[in-house]
Amino acid sequence: MSSLHEKASLLILLVLCIMISLVYIGNQGSSVQSVLRPGSMLKGPSVKPIDLLERGVFIERQDRLQRECQAYKRRQNALQLNESHFTPEVIWENREVLEHIIVDQKHQLLYCYVPKVACTNWKRTLLYLNGSTNATKSLDIPADFVHRVGVFPKLSNFSAENAAHMLRTYTTFLIVRHPFERLLSAFRNKLEQRYSSSKYFQTRFGRHIVKTYRKNPSNHSLQHGDDVTFAEFVTYLTTENGPGGEFNEHWKPINQLCAPCAIRYDIIGKYETLYEDADYLLNQLGEPPAAFPRFAHPSNTTSTLGKYFGSLTVDLLRKIFSVYETDFRLFGYNLQEFLGFEID
């Protein structure tokens with residue numbers, strides 16, 4: 001992690017922090033919001049004083065995202081390809097993206113939720129802070145309740161004019177996760193484990209995967225679809241969910257769910273720093289950090305990545321990496337730290 005490019009990025013980050021601090025010192029009578037514009041990070045009305053080191057983390061993430069978005073667009077143009085979720089002009093035609101953005105008018109906040117990236121607890125937190133339930137703490141709100149249709153207003157519920165105004169003036173945030181960790185979490189939760197919520201996925205996807213990609217499946221497997229292997233699941237994804245295919249939201253790439261190259265997200269949080277990022281955002285909104293549910297450790301799949309991905313052939317590993325390559329690039333993830341090697 002000591003490349004020349006990374007050193008340059010850190011130097012730029014340091015300079016930005018110094019510049020912001022000088023502006024802040026010279027404008028103590030001004031609001032934080034005026035210090036941050038143009039291109040302010042937090043656009044809502046209840047912004048707290050900035051911790052420059054904390055803010056620098058988000059500046060670096062934004063900077064990387066913008067660079068990678070430009071590089072992606074250049075590659076797409078060179079190949080004469082066009083993907084609407086990267087085009088701001090037609091974002092209003094992408095209803096799936098608009099339906100993934102929750103609107104919190106009380107805090108002037110837009111949250112693009114991503115399944116398997118703490119979205120249940122963030123939804124609990126928003127309901128709790130808005131007083132939408134009688135729960136005395138956010139963790140008391142049932143998980144199945146927060147995912148019900150109609151519980152939250154979505155950006156798709158508003159006119160294009162109002163939605164555009166919200167995108168310009170509200171604070172926008174997104175939480176991301178290592179693509180392979182998120183993929184494995186979705187597989188284990190929806191196809192491998194025996195939760196009541198898993199039955200739909202085992203019936204809807206598991207039976208199809210077994211029937212299509214397993215030689216001589218048993219009658220039990222064909223009937224229940226509850227013993228899909230990770231290799232079979234990945235084969236299904238790379239075969240039927242390639243270009244033109246349709247992903248379920250639990251394993252759909254984040255860049256397709258939230259269009260981060262078309263929508264500017266003020267705060268890009270990471271699952272790996274979940275609690276620190278939650279503390280920062282809630283503090284900026286003037287809300288107590290304790291509003292976000294806490295556990296000893298956020299659930300993770302890091303320790304089991306090698307076991308599952310080790311079951312894949314190199315060819316299959318290359319194919320599944322290509323599915324999520326854009327997410328890897330946009331959000332600064334790699335394979336070396338998890339698998340011990342990169343893919344050429």
Side-chain angles (χ1 to χ4, degrees), residues 44 95-158 163 166 170-177 181-206 226 247-252 254 257-258 265 267 269-271 274-275 277-279 281-282 285-301:
R95 189 165 184 82
E96 183 180 22
V97 170
L98 300 179
E99 289 182 348
H100 265 265
I101 299 179
I102 290 173
V103 178
D104 177 355
Q105 291 180 294
K106 176 182 177 181
H107 298 93
Q108 295 192 14
L109 188 69
L110 299 179
Y111 164 49
C112 187
Y113 73 90
V114 178
K116 311 312 301 176
V117 191
C119 74
T120 298
N121 284 336
W122 267 113
K123 288 180 178 181
R124 282 171 165 155
T125 300
L126 295 180
L127 284 177
Y128 171 74
L129 293 177
N130 281 295
S132 302
T133 73
N134 295 323
T136 57
K137 59 180 184 293
S138 56
L139 196 55
D140 289 339
I141 303 174
D144 61 341
F145 176 78
V146 303
H147 298 306
R148 292 179 186 174
V149 176
V151 171
F152 291 98
K154 308 291 182 61
L155 204 58
S156 58
N157 300 141
F158 298 85
M166 290 176 182
Y170 281 21
T171 296
T172 52
F173 84 103
L174 165 70
I175 311 296
V176 302
R177 186 178 187 179
E181 275 206 32
R182 176 173 171 249
L183 176 63
L184 180 54
S185 178
F187 168 75
R188 298 182 69 190
N189 181 257
K190 301 304 180 184
L191 290 170
E192 185 178 64
Q193 294 169 331
R194 296 294 188 270
Y195 298 133
S196 57
S197 60
S198 304
K199 292 188 180 298
Y200 165 79
F201 287 85
Q202 291 165 355
T203 300
R204 171 69 177 81
F205 299 99
D226 58 0
F247 288 84
N248 179 271
E249 66 171 4
H250 288 83
W251 48 80
K252 190 165 192 171
I254 295 175
L257 285 176
C258 295
Y265 289 94
I267 294 181
K270 288 200 170 186
Y271 190 84
L274 180 63
Y275 295 151
D277 293 348
D279 288 349
L281 176 58
L282 291 171
L285 296 177
E287 297 288 0
F292 188 80
R294 305 296 162 121
F295 302 92
H297 300 283
S299 61
N300 71 80
T301 58

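- Using modelled atom types, one side-chain atom of Thr125 and one backbone atom of Asn121 make a donor-acceptor pair closer than 3.5 Å.
- Every residue meeting the side chain to side chain contact (heavy atoms under 4.5 Å, CB included) condition with Asp144, not counting sequence neighbours, appears here in chain and number order: Pro142, Arg148.
- For residues 107-117, no pair satisfies salt bridge (charged side-chain N to carboxylate O under 4.0 Å, His left out), with sequence neighbours left out.
- Between Ile267 and Asp277 the shortest side-chain heavy-atom distance does not fall below 4.5 Å.
- Partners of Glu249 according to the side chain to side chain donor-acceptor pair (under 3.5 Å) rule, which considers only residues two or more places apart in sequence or in another chain, are His100.
- Shortest non-hydrogen contact noted between Arg182 and Pro115 is NE-O, 2.9 Å.
- Two residues are said to be in side-chain contact when any heavy atoms from C-beta on lie closer than 4.5 Å; Val103 and Tyr170 meet this criterion.
- Here the OG atom belonging to Ser185 is positioned 9.5 Å from the NE2 atom belonging to His250, to the nearest 0.5 angstrom.
- Residues Asp279 and Pro289 come closest through the heavy atom pair OD1-CB, 3.2 Å.
- Annotation: side chain to side chain contact (heavy atoms under 4.5 Å, CB included) contacts of Ile141 (sequence neighbours excluded): Arg124, Leu127, Tyr128, Thr133, Ala135, Phe145, Val146.
- Applying the salt bridge (charged side-chain N to carboxylate O under 4.0 Å, His left out) criterion to Lys154, with sequence neighbours excluded, gives no partner residue.
- Applying the disulfide (SG to SG under 2.5 Å) test to Cys112 and every residue at least two apart in sequence or in another chain returns Cys258.
- Of all heavy-atom pairs spanning Phe205 and Leu191, the tightest one is CB-CD2, 4.5 Å.
- Partners of Ala290 according to the side chain to side chain contact (heavy atoms under 4.5 Å, CB included) rule, which considers only residues two or more places apart in sequence or in another chain, do not exist here.
- Nearest heavy-atom pair, Ile175 versus Val114, reported as atom, atom and distance to 0.1 Å: O-CG2, 4.0 Å.
- With sequence neighbours left out, the salt bridge (charged side-chain N to carboxylate O under 4.0 Å, His left out) criterion links Arg95 to Glu99.
- Under the side chain to side chain donor-acceptor pair (under 3.5 Å) criterion, the residue pairs touching residues 191-206 are Glu192-Tyr308, with sequence neighbours excluded.
- Taking all atoms of both residues into account, the shortest heavy-atom contact from Gln105 to Phe158 is NE2-CE2, 4.0 Å.
- Ile254 is listed as a side-chain neighbour of Leu174, based on a closest heavy-atom distance under 4.5 Å.
- Smallest separation of non-hydrogen atoms from Ser138 and Ala291: OG-O, 2.6 Å.
- Annotation: ring pair (Phe, Tyr, Trp, His ring centres under 6.0 Å) contacts of Phe173 (sequence neighbours excluded): Tyr111, Trp122.
- By the side chain to side chain contact (heavy atoms under 4.5 Å, CB included) test, Asp104 is found to be paired with Lys106, His107, Leu109, Leu126, Asn130, residues two or more places apart in sequence or in another chain being considered.
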